[in-house]
Amino acid sequence: MDRMSRSTPPSTAYLDHLVAETAGRREALAGAASVGGTGVPGRPGAALTDGGAPADLVAAVERAADRLEPELAEIVRRLHAHPEPAFEEHRSAATLVEVLARHGVEAQLGVHGVPTAFRAEAGDPAGPTIAICAEYDALPGIGHACGHNVIAASGVGAFLALHEVMTSGAAPAGRVVLLGTPAEEGHTGKEVLARNGALEGIDATIMVHPYGLDVADQVWLGRRLLTWTFTGRPAHASAQPYMGRNALDAASLAYQGIGLLRQQMPPVDRVHATIAEGGTRPSIITERAVVHLYARSKYADTLRDLSRRLDDIAHGAARMTGTDVEITWDDGAHPSLPVRTNRRLTDRWVSAQRRRGRDPLPAGVLSETLAASTDFGNFSFRIPGIHPLVQVSDPDVALHTAEFATAAASPAAVSAAVDSAAGLASTALDYLYDADLRAAVHTEFAEEGGAVDVPAYFD
């Protein structure tokens, strides 16, 4: 009897995360209730982490952010008016470097292997270091429909506010780095920067993203790109079909295989696919078919599991049709890992935003089906980080739409940039000032798995 089937047991990775997260929520709810809170971590009445910079320093950095409103509005509008796609953000990067120069800050342009990346620093490199990320690439054809112009204004504003306070001699020892990070849309620019040394000497990193709600911690899925190229044997489809091997059949079977896989995928997984090539004429058995896919998942290890299942589908479809398949992962790009959110830093962000009259939603309030991807995850698996969301539009306006592009240049977008600049600056100040907070941040990071070798993770 031929028993060539090689059944592999299902991975327990998703269940392991589910159990751990359930235990974490119970602990958080118990802690909130014990201090008379609402029972919902991060909401009014719940306890936030103690610690941070003195109130006078925090007030000084927030006032500095407020004074920058005219220049942050200029950044929001200038970048919005001249959107540039990934790796082509020359005008945008030059605009941001120009604004920094007005304040006596010399930024290096063309750093870490990317001509449109830039870097500026303030403070003492002998102390702890925190980086603030600024994105500024746009979507082809639809402009700043993801609001990266607001991200840029927020990051530059936070850095300049800190620069003002730190150069006055009032701030603690430590350093803040502003990283201009190109090519997030459809690429993984931050991974390129990281592989070229951008995070060397940096201990933590923070940024903010515009959205339809204020959210402290929302799911960001890991993402990989995948191409299947099936190669068969051409033949006359009527006279000698039996002499052919149909690559389109293989692509079709593989596409159906994805649909069947969805029955067993964890609810945090996503697969999207298109058949980009499927033959030239109906009268010729298709020799070549190409399928492009995105694979996404909430966790790094479940994304790895999903990758292996997709490999099996491609090999199975090729075997069933007598064709060959070439599997190409992340061609011309790098994987994006999920965002690993540091709760201790998130607490400081929430405190800062409440002072601005905002009340960010905690993790678990929004459905995790409302999830996209970002290359910031690759930073957050190397060092502690946060990637909260700030409201610039009505809640029913989706990212990557013309409506959101309009919102990204509105008065609400400018207000969000100023509030975010103040929030990022005070969060960074808390981190630099408070040794106990830093210890808690890094203890949590270690408990979540510590630094990951991102380049080797999917090998």
Side-chain angles (χ1 to χ4, degrees), residues 11 13 16-17 20-21 24 49 111-114 117 119 121 125-133 135 174-179 181 184 187-207 217 219-224 296-305 307 329-330 333-349 363 373-388 424 427-428 430-432 434-459:
S11 169
D16 294 342
H17 285 288
E21 288 186 358
T49 305
V111 295
H112 307 303
V114 181
R119 182 185 182 111
E121 300 184 8
T129 298
I130 189 167
I132 301 170
C133 295
E135 295 175 7
R175 177 176 59 152
V176 59
V177 174
L178 176 63
L179 284 177
T181 60
E184 188 276 336
H187 296 269
T188 321
K190 290 182 187 63
E191 180 63 21
V192 177
L193 299 183
R195 294 190 185 199
N196 285 297
L199 297 184
E200 290 179 9
I202 294 176
D203 303 305
T205 181
I206 56 179
M207 67 171 288
D217 180 8
V219 171
W220 292 92
L221 303 177
R223 186 202 68 191
R224 300 190 73 189
R296 304 184 199 250
S297 191
K298 181 180 177 181
Y299 310 104
D301 48 1
T302 55
L303 180 57
R304 187 164 53 189
D305 289 343
S307 301
W329 282 103
D330 310 306
H334 298 292
S336 293
L337 290 179
V339 172
R340 181 196 281 174
T341 299
N342 189 276
R343 294 182 297 277
R344 298 292 186 168
L345 284 175
T346 298
D347 282 352
R348 307 321 308 158
W349 166 263
S373 303
T374 170
D375 61 2
F376 184 80
N378 294 34
F379 276 13
S380 72
F381 270 76
R382 288 175 163 95
I383 56 177
I386 59 171
H387 190 286
L424 291 171
T427 300
D430 286 345
Y431 177 84
L432 294 177
D434 191 331
D436 290 339
L437 174 61
R438 287 197 304 278
V441 165
H442 290 278
T443 296
E444 178 187 326
F445 183 72
E447 290 173 348
E448 292 288 331
V452 167
D453 184 357
V454 176
Y457 190 78
F458 293 101
D459 289 351

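Values below: every heavy atom of this structure, side chains too, minus hydrogens, waters and symmetry copies. What you see is a predicted model, and the numbers here were worked out from it, not measured in a lab.
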Next on the checklist: I need the Ile386 CD1 to Thr341 OG1 distance, nearest 0.5 Å.
Outcome noted: 8.5 Å
Checklist entry - Which distance, rounded to the nearest 0.5 Å, do you find between the CG of Asp347 and the CG of Asp430? => result 10.5 Å
Checklist outcome for this item: So CZ of Arg344 and CG of Asp436: to nearest 0.5 Å the spacing works out to 10.5 Å
Checklist outcome for this item: With sequence neighbours left out, the residues meeting side chain to side chain donor-acceptor pair (under 3.5 Å) with Asp301 are His17
Checklist entry - Considering all heavy atoms of both residues, which atom of Pro335 and which atom of Thr188 are nearest to each other, and what is their separation? => result O-CG2, 3.6 Å
Checklist entry - Are Val339 and Phe379 side-chain neighbours, meaning at least one heavy-atom pair lies under 4.5 Å? => result no
Item to check | Minimum heavy-atom distance Ile383-Asp203, with the two atoms named | outcome: CB-O, 3.6 Å
Checklist outcome for this item: Output for pair (Leu432 CG, Arg438 CZ), nearest 0.5 Å, gives 7.0 Å
Checklist entry - For Thr374, what residues pass the side chain to side chain donor-acceptor pair (under 3.5 Å) criterion, not counting sequence neighbours? => result none
Item to check | Minimum side-chain heavy-atom gap Leu193-Leu179 below 4.5 Å | outcome: no
Next on the checklist: Can a donor-acceptor pair be found, under 3.5 Å and without considering hydrogens, that links the side chain of Asp375 to the backbone of Ser336?
Outcome noted: no
Checklist entry - If you take all heavy atoms of Gly222 and Leu303, which pair is closest and at what distance? => result C-CD2, 3.8 Å
Checklist entry - In Å, rounded to the nearest 0.5 Å, how long is the span from CD1 of Ile130 to CG of Leu345? => result 6.0 Å
Item to check | side chain to side chain contact (heavy atoms under 4.5 Å, CB included) assessment of Trp349 paired with Asn342 | outcome: CA-CA 11 Å; Trp349 166 263; Asn342 189 276; over 6 Å; no
Checklist entry - Do the side chains of Lys298 and Pro338 get nearer than 4.5 Å, heavy atoms only? => result no
Checklist entry - Tell me, do Thr205 and Ser380 make a side-chain contact under 4.5 Å, heavy atoms counted? => result no
Next on the checklist: Cation-pi check for Tyr431 against Arg348: NZ or CZ below 6.0 Å from the six-membered ring centre and within 45 degrees of the axis, yes or no?
Outcome noted: no
Checklist entry - About how many Å separate CZ of Arg296 and CZ of Arg223, when rounded to the nearest 0.5 Å? => result 6.0 Å
Checklist entry - Arg119: what forms a salt bridge (charged side-chain N to carboxylate O under 4.0 Å, His left out) with it, not counting sequence neighbours? => result Glu121
Next on the checklist: So Val192 and His334, do their side chains get closer than 4.5 Å, heavy atoms only?
Outcome noted: yes
Next on the checklist: For a quick check under 3.5 Å, do Asp217 and Thr346 share a side-chain donor-acceptor pair by atom type?
Outcome noted: no
Checklist entry - For Val114 and Asn196, what are the C-alpha separation, side-chain angles and deciding distance, and is it a side chain to side chain contact (heavy atoms under 4.5 Å, CB included)? => result CA-CA 9 Å; Val114 181; Asn196 285 297; 5.7 Å; no
Item to check | salt bridge (charged side-chain N to carboxylate O under 4.0 Å, His left out) involving Glu191 - partner list, sequence neighbours excluded | outcome: Arg195, Arg382
Checklist entry - So which heavy atom on Ala198 is nearest to which on Ile202, and how close? => result O-CD1, 3.3 Å
Item to check | Partner residues of Arg340 under the salt bridge (charged side-chain N to carboxylate O under 4.0 Å, His left out) criterion, sequence neighbours left out | outcome: none
Checklist entry - Can you name the nearest heavy-atom pair linking Ser11 to Ala13, along with the distance? => result OG-N, 3.1 Å
Checklist entry - Taking the side chain as C-beta and beyond, is there a heavy-atom pair between Ser307 and Arg224 under 4.5 Å? => result yes
Checklist entry - Glu448: what forms a side chain to side chain donor-acceptor pair (under 3.5 Å) with it, not counting sequence neighbours? => result Arg343
